[in-house]
Amino acid sequence: MKRNNLITKLSISFLAVCLIMTAGCSKQDGQEKGTTEKAKATKVHHWKMVTTWPKNFPGLGTGANTVAEMITKMSGGRIQVKVYGAKELVPAFEVFDAVSSGTAEMGHGSAYYWKGKNEAIQFFSTVPFGLTAQEMNGWLYHGGGLKLWQEVYAQYNLVPAAAGNTGVQMGGWFNREINSLEDLKGLKMRIPGLGGEVFKRAGGTPVNLPGGELYTALQTGALDATEWVGPYNDLAFGFYKVAKYYYYPGWHEPGTTLEAIINKDAFDALPADLQEIVLSACKVANQDMLAEYTARNNAALVTLVNEHKVQLRAFPDDVLKELRKISDEVVAELAAKDETAKRIYSSFKTYREQVDAWHEISEKAFLRARSLK
Ligand code: CA
């Protein structure tokens, strides 16, 4: 009996010690967790942003700067983003790999530069005869596009965000008039993405070069023609000194989305509020760049035509119709390449059909109404 009592007493004492220890441990766990959360919330992150643009280049480079400044300001300095122009840290076309591997935490460029990784990626940049800026944003934010983009980029350890849009681009700079498809034959032209593939099938030789190398390539004759963006950007590069004809519209880039890419490990390490700040800053920059181009393009065009005597030309309808036909084939072939491309194309196509129907009686009808005299 006595022995049993002793065992019971010992058991109770042991249990009590265990309970006290457990309580102590969970209190300690809680404190540690709290301390970790606090450290996470107050930690200052120094991020590098590598870009495909020349440093501070109007619209594009400054658009990347806007993303960086917004993140730094909105986070109260908890994330400090330093921007590097092309070649400062890595060459323009190594931005994707640099961010994917963590050499830099962020990048700014456009998805079609990385078609060598996965051709389907080009849908997130622009598609010939595809979506305008407004339509592209509708697809990305409310039509399932961004979700697909995130899914594809997660395979490369990246988080993507739309972070700029050029609006409808110009068709490009030529030293010969384009009166039929024949005139594109044999031309060596800088034209990236799916537009380049269409140009190739039309008989040309597409080349992809970073913006900073285009002027010299045209001047030395390494290129016969080039497209870049629109009057605001093209004036800054001085293409009017080396090419005579400036064609419109940019059938190949009707509303190119610029992207911010974020290293997924760096993004996941952020507390929730900073993650939201990073994505919101991209959204603001996405809208702001389009507003800037919309506001500045025409003044630049007037300078090009009046001061620099650039010959403004429209592609003939027959040429556009042919290019449209080839574009549909190119995009459909891309969609048939694999399951991912098929899913993205299906989402894109469904969205384009419905937005096209809506814009027929809204944007297009209004612009027509406004031009009635
Ligand atoms: Ca372009």
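This structure is a prediction, so every number in the text was calculated from the model and none was measured. Each ligand, and each atom within it, is numbered from 1 in the order the structure gives.
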J.: Under 4.5 Å between side-chain heavy atoms, hopping through other hydrophobics if needed: is there a path connecting Leu290 to Val355?
T.: no
J.: So, Thr256 and the Ca ion (ligand 1): N/O/S under 3.0 Å, yes or no?
T.: no
J.: Could you verify whether a donor N or O on one side chain and an acceptor N or O on the other, from Asp265 and Asn157, lie under 3.5 Å apart?
T.: yes
J.: Working note: Trp173 + Tyr245, criterion ring pair (Phe, Tyr, Trp, His ring centres under 6.0 Å); need CA distance, chi angles, decisive distance, verdict.
T.: CA-CA 6 Å; Trp173 295 86; Tyr245 300 108; over 10 Å; no
J.: So which of the N, O or S atoms of Glu227 lies nearest the Ca ion (ligand 1)?
T.: OE1
J.: Between OE2 of Glu253 and O of Trp228, what angle is found at the Ca ion (ligand 1), rounded to 10 degrees?
T.: 170°
J.: Would you please indicate if the ring centroids of Phe96 and Tyr153 are separated by under 6.0 Å?
T.: yes
